[in-house]
Visitor: 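Quick one: the structure is below, and I'll ask about it shortly.
Because the structure is a prediction, the values reported are computed rather than measured. Here is the naming used below: chain letters follow the sequence lines, and residue numbers restart at 1 for every chain.
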Amino acid sequence: MNTTEQTSKNFIENIIDQDLENGKNDSRVHTRFPPEPNGYLHIGHAKSICLNFGIAKKYDGGLCNLRFDDTNPIKEEDEYVDSIIEDVKWLGFDWQDRLYYASDYFAQMYTYAIQLIKAEKAYVCDLTADEIRAHRGTLKNPGAESPYRNRAIDENLDLFQRMKNGEFGNGSKTLRAKIDMESPNLNMRDPVMYRVLKAPHHRTGDTWCIYPMYDWAHGLEDSIEGITHSLCTLEFEDHRPLYDWFLEQLGVYHPQQIEFARLNMSYTIMSKRKLLRLVEEKHVTGWDDPRMPTISGLRRRGYTPKSIRNFAEKVGIAKRDNIVDMALLEHSVREDLNQHAPRVMGVLDPLKVVIDNYPEGHVDELEAINNPGNPDAGTRMVPFSRELYIERADFMEYPPRKFFRLAPGREVRLRYAYFITCQNVVKDDNGNIIELRCTYDPATKGGSAPDGRKVKGTLHWVSAPHAIDAEIRLYDRLFSVQNPGKEHDFVEDINPNSLTVLKECKLEPSLKNPEKRIIYQFERQGYYTPDLKEYSKDYPVFNRTVSLRDSWAKIEKAQQR
RNA sequence: UGGGGAGUCGUCUAAGGGUAGGACACCGGGUUUUGGUCUCGGUAGUUGGGGUUCGAAUCCCUGCUCCCCAGCCA
């Protein structure tokens, strides 16, 4: 098995190839991942991270910076900075010593702004936010020039300095680029470069009373860092003329902005604003709730960095809007986990089985394979005794066609153990099945019959006296519709059954001291991992990462129809 | 009806004048001490209409549909 599928180049790599061929940028390739620290990273960011760091890795000598675009102190916090650093690192990427902050460039940006003022390309405007909006015009109608547009250079210089010094109140003045109020591109209608904002910044404290706007700042950040290809999402396409305009007016190094389509996935949301609302309104337990599409949520759920990187590779890069099937993400994690996850046995919904002809008090230690795909993973011993648990769903009193598991009078294999035959069904007063009485064939120890007879079903099981009690959390998609929020408020689309808590699960004793961040395969069930936050020896809690593919479920479903 | 983008199997993504390919999903066969894995096979696509050409997903014309833009957010 190899994952070196022939992956064709995406359109950005084609552009880079061309640039390299033409000797552009001294044949350097330098990208950056520029998150705003105003929330946790999600799977959509992972796509961008893999793109930017991936390109740096693919090209000889390529580099990728991690840069915090922290130009709005009102929304940004160190907590987010820390989580972003952790997540990018965890995904497996390395920015070496190139961890940057836009706020480190504030002084340089200020100097550049003065340069534009002196060139009569920027002016201080006294219009209020409402007035600026009114002057901007509409999509179809041109805007009107600000009455402050033609202030003298010296006056602009003086006013701008006083803005910086904090002499004016929040929102009272802005620095604007002098471009074209009639441009069909609204971004070019004298965009605001600086706003007065007296708010403490997470890094610069109260040093600044003015903060740069994205359009002004971002190109400068790229330019200062010598970025060659500045990759961003489609909604910034309209901003590219402005990105180019600023750099051109300044006459500084000019990176190339290239836009690609952001990731969308079925049955989830990818907007930081909406994710924040899920957290604040307690629809989830936090940013790292295992149901969240955040990197931290996926990590806690049991997703591996590699599975996320492979996923990013599979979804590709293009410019068309897309909604990627959740099944692709699940496939990616199964693909990775199948190769690496140690196999164990765990019963989620236990049904007691007593082996009547098995000697009381006796225990067999049976050898079980840790990973059938990888002999190096070795084996372990699993105890077997007279009283066991099997999965309730593995028994049916009146089995339908194609049901190969246990039923009255039927013989099945207990994995790595013995063939057993169901002799009696014990019920309580309400008719609920509470126990099965079975017999075993001692000659089938290990799971095969010397006489060569076959059984159709193999069941997982746990020895009752040896079992570890555990809580297991099963997760389903967070939303019950493909495109949450399409019809109404997205909160109404939350899947009420996104979490199922099982409290009486029985696990094999080898799971007594599970390593954190190890994802196990509970055979025939799925992949499970100790919860990073709530697992304890006294109260073991496991999260289901993803179920195994279940062809019986499909047959069952088909039979119902 | 201002500007900027985008339309290829159900989904994602290649092919940029020369056999429309891959992945996921789905459906079937084989192997199997996991109804897992692996393996073999199958279904399924170029937004409509014109044109150029021996030949068009690709070039031209003309429709249609979808997405983005009127923050002192990024």
Visitor: Please work out whether the ring planes of Y528(A) and F522(A) are parallel, tilted or perpendicular, with thresholds of 30° and 60°.
Guide: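 Aromatic pair Y528(A)/F522(A) classed parallel.
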Visitor: Among G3(B), A74(B), G35(B), which nucleotide has an atom closest to any side-chain atom of T458(A)?
Guide: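 Nearest nucleotide to the side chain: G35(B).
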Visitor: Side chain of R415(A): nearest nucleotide among U13(B), C72(B), U34(B)?
Guide: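 Among U13(B), C72(B), U34(B), the one nearest the side chain of R415(A) is U34(B).
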Visitor: Can I get a per-line list of side-chain donor-acceptor pairs under 3.5 Å for residues 239-246 of chain A, giving both atom names and the distance, sequence neighbours left out?
Guide:
from, atom 1, to, atom 2, distance (Å)
H239(A), ND1, D215(A), OD1, 2.7
H239(A), ND1, D215(A), OD2, 3.2
R240(A), NE, E259(A), OE2, 2.6
R240(A), NH2, E259(A), OE1, 3.2
R240(A), NH2, E259(A), OE2, 3.4
Y243(A), OH, D222(A), OD2, 2.8
D244(A), OD1, H254(A), NE2, 2.7

Visitor: I'd like the C1' distance from C27(B) over to U52(B), given in whole Å.
Guide: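 The same atom, C1', in both gives a distance of 42 Å.
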Visitor: I need a per-nucleotide contact map over nucleotides 24-29 of chain B, read 5' to 3'. Cutoff is protein heavy atoms under 4.0 Å; write B for the base, S for backbone only, - otherwise.
Guide: SSSS--
Visitor: Can you figure out which of U34(B), A70(B), U37(B) approaches the side chain of E523(A) most closely?
Guide: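 That would be U34(B).
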Visitor: Please measure how far the P atom in C66(B) lies from the corresponding atom in C61(B), and state the result in whole Å.
Guide: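 My reading of the P atoms in C66(B) and C61(B) gives 23 Å.
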Visitor: So that I can tick it off, tell me whether E235(A) and R262(A) are bridged by a salt bridge, with the cut-off set at under 4.0 angstrom between side-chain N and carboxylate O.
Guide: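 Yes, R262(A) and E235(A) are salt-bridged.
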Visitor: Side chain of R524(A), heavy atoms from C-beta onward: which of U8(B), G35(B), C72(B) has the nearest atom to it?
Guide: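 Shortest atom-to-atom distance from the side chain points to G35(B).
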Visitor: Give none if G7(B) has no partner; otherwise give the nucleotide forming a Watson-Crick or G-U wobble pair with it, both distances under 3.5 Å.
Guide: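 Partner of G7(B): C64(B).
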Visitor: Does G36(B) have its OP1 or OP2 closer than 4.0 Å to a side-chain nitrogen or oxygen of S551(A)?
Guide: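 Yes, within the criterion.
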Visitor: Starting from C1' on C68(B), measure out to CD on Q257(A) and report it in whole angstrom.
Guide: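 So the two atoms are 14 Å apart, to the nearest Å.
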Visitor: Which residues pass the side-chain contact (heavy atoms from CB on, under 4.5 Å) test with T379(A), not counting sequence neighbours?
Guide: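 In terms of side-chain contact (heavy atoms from CB on, under 4.5 Å), with neighbours along the sequence ignored, T379(A) is linked to E367(A), I369(A).
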Visitor: Counting only side-chain heavy atoms from C-beta out, which of G3(B), C73(B), C12(B) sits nearest to E36(A)?
Guide: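 Among the listed nucleotides, the one closest to the side chain of E36(A) is C73(B).
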Visitor: Looking at the side chain of Q521(A), which of U34(B), A14(B), A74(B) is the nearest nucleotide?
Guide: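 Side chain of Q521(A) sits closest to U34(B).
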Visitor: Which of these nucleotides, G71(B), U34(B), U8(B), is closest to any side-chain atom of P372(A)?
Guide: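 The nucleotide sitting nearest to the side chain is U34(B).
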Visitor: Consider the side chain of D238(A), meaning its heavy atoms from C-beta on, and name the nucleotide among A74(B), C69(B), C72(B) that approaches it most closely.
Guide: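 The answer is C69(B), which lies nearest to the side chain.
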Visitor: Determine the Euclidean distance between corresponding P atoms of A74(B) and U13(B); express it in Å to zero decimal places.
Guide: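 Result for the P pair: 29 Å, nearest Å.
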Visitor: Is it the case that the base of U34(B) and the side chain of Q525(A) share a donor-acceptor contact (distance under 3.5 Å, atom types as modelled)?
Guide: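 Donor-acceptor pair under 3.5 Å: no.
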Visitor: In whole angstroms, how far is the P atom of G35(B) from the CD atom of Q559(A)?
Guide: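 Distance, rounded to whole Å: 16 Å.
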